Amino acid sequence: MASTSLLLLAAVLALASWQAIASDPSPLQDFCVADEHSPVRVNGFPCKDPMAVTADDFFKAAMLDKPRDTKTSKVGSNVTLINVMQIAGLNTLGISLARIDYAPLGENPPHTHPRATEILTVLDGTLYVGFVTSNRDNKLFSKVLNTGDVFVFPEGLIHFQFNPNPHKPAVAIAALSSQNPGAITIANAVFGSKPPISDDVLAKAFQVEKGTIDWLQAQFWEDNNY
């Protein structure tokens, strides 16, 4: 009986631990302003001395009020992310924010956020958005959004946004459930890795000739996150 109880306890603790690491940790105090100068390295940032904390630790002036340049972006979009690196007070709070500007026919290409769910609101314009479920279904859920519409992208799934209007730009605001959600742009990661992934590997994975892979790897895969 005792061994059965211990096994049950271990199973409960394992389940609880899995849930605990499924997203950013919950805060254990009112705030934990990131101390970026601390020599201590943890999963996140150590806390700044509360006596040294000021209102400025929770503030960033005029970051999201103006349109961003999309003309120099090859994909026609510009992502301005506000995370713990911009506002130290976000440390342990499990949230961040981004403004996304889209040129006419611009897109935020297929990507994932490994540590966050995203909820996106269109402030102006029209966006075609969607996400793809994991193997084996790989089902696409997509929608055309207009000003004021909201769409959710589940954590870790590949998703995208595209402005189908050839004449008018678009802008959206996204909230993410992590202080540092991360972004993996699929094309950049696969074809722009450093050092490059073997063209033998990629040719078999994509079922194309190695010359096609070599051409793709030779392209300039830019990061549209600023």
Side-chain angles (χ1 to χ4, degrees), residues 14-68 73 75 77-102 108-123 127 129 131-132 134 150-161 171-186 188-189 193 222-226:
L15 180 60
S17 298
W18 176 83
Q19 292 290 344
I21 63 174
S23 60
D24 285 6
S26 298
L28 299 177
Q29 58 272 323
D30 289 345
F31 53 77
C32 173
V33 172
D35 183 356
E36 298 178 18
H37 304 294
S38 172
V40 178
R41 291 291 176 263
V42 294
N43 186 22
F45 293 95
C47 300
K48 185 177 179 180
D49 183 349
M51 299 303 294
V53 170
T54 71
D56 284 339
D57 290 314
F58 303 92
F59 171 77
K60 195 72 176 180
M63 281 289 291
L64 302 181
D65 61 325
K66 297 179 180 63
R68 302 291 171 170
S73 168
V75 295
S77 68
N78 185 319
V79 180
T80 306
L81 179 63
I82 305 296
N83 63 8
V84 69
M85 304 306 295
Q86 285 78 41
I87 300 180
L90 284 174
N91 195 40
T92 76
L93 298 187
I95 193 169
S96 54
L97 193 68
R99 173 184 172 127
I100 313 166
D101 288 280
Y102 311 84
N108 192 12
H111 63 282
T112 71
H113 300 295
R115 296 179 290 275
T117 295
E118 176 181 346
I119 182 167
L120 179 129
T121 303
V122 179
L123 297 184
L127 292 176
V129 307
F131 67 86
V132 180
S134 56
V150 178
F151 198 82
V152 173
F153 305 105
E155 180 174 346
L157 297 187
I158 294 173
H159 59 284
F160 62 88
Q161 302 107 35
V171 60
I173 290 285
L176 301 110
S177 62
S178 171
Q179 68 180 40
N180 188 22
I184 302 171
T185 305
I186 308 306
N188 298 40
S193 68
E222 74 168 15
D223 183 2
N224 67 331
N225 291 262
Y226 300 99

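For reference, positions follow the sequence shown, starting with 1. Not measured: the values here are computed from a predicted model. Worth knowing before you read on, the calculation uses all heavy atoms, side chains too, and leaves out hydrogens, waters and symmetry mates.
- Residues Asn224 and Ser77 have side chains that bring a donor and an acceptor to within less than 3.5 angstrom of each other.
- For Tyr102 against Leu120, the heavy-atom pair with the smallest separation is OH-CD1, 4.0 Å.
- The two residues Ala172 and Leu127 make their nearest non-hydrogen contact at CB-CD1, 4.1 Å.
- In this structure the side chain of Cys47 never reaches within 4.5 angstrom of the side chain of Thr92, judged on heavy atoms.
- Ile82 contributes atom CD1, which lies 4.5 Å from atom CG of Leu64 (distance to the nearest 0.5 angstrom).
- The heavy-atom pair separating Pro27 from Leu93 by the smallest distance is CG-CD2, 4.5 Å.
- When the salt bridge (Lys or Arg N to Asp or Glu O under 4.0 Å) test is applied to Arg99, the partners found at least two apart in sequence or on another chain are Asp101.
- Once rounded to the nearest 0.5 Å, the distance linking CZ of Phe131 with CD of Glu155 reads 13.0 Å.
- When all heavy atoms of Val84 and Asn91 are compared, the pair lying nearest together is CG2-N, 3.7 Å.
- Summarising the geometry, atom CD belonging to Gln179 is positioned 12.0 Å from atom CD belonging to Gln86; distances are rounded to the nearest 0.5 Å.
- For the atom pair Asn225 CG and Ile100 CD1, the distance stands at 8.5 Å (nearest 0.5 Å).
- Closest approach of Ile87 and Asp57 over heavy atoms only: CG2-O, 3.5 Å.
- Scanning all heavy atoms of the two residues, the minimum distance from Ser134 to Leu157 falls at N-CD2, 4.2 Å.
- A 6.0 Å sphere centred on CG of Asn43 holds no more than 12 heavy atoms belonging to other residues, nucleotides or ligands.
- The closest side-chain heavy-atom distance from Lys48 to Phe31 is not below 4.5 Å.
- Atom OG1 in Thr80 sits 6.5 Å away from atom CE in Met63 (nearest 0.5 Å).
- Residues satisfying the side-chain contact (heavy atoms from CB on, under 4.5 Å) test with Thr112, not counting sequence neighbours, are Pro114, Ile158, Ile184, Ile186.
- Using a 4.5 Å heavy-atom cutoff, the side chains of Val33 and Phe58 are in contact.
- Classification of the Phe153-His159 ring pair by plane angle, with boundaries at 30° and 60°, yields parallel.
- In this structure the side chain of Leu81 reaches within 4.5 angstrom of the side chain of Leu176, judged on heavy atoms.
- When each of Val129, Thr121, Val122 is paired with Phe151, the side chain to side chain contact (heavy atoms under 4.5 Å, CB included) condition holds for Val129 and for no other.
- Within the 4.5 Å cutoff, side-chain heavy atoms of Thr117 are placed close to those of Ser177.
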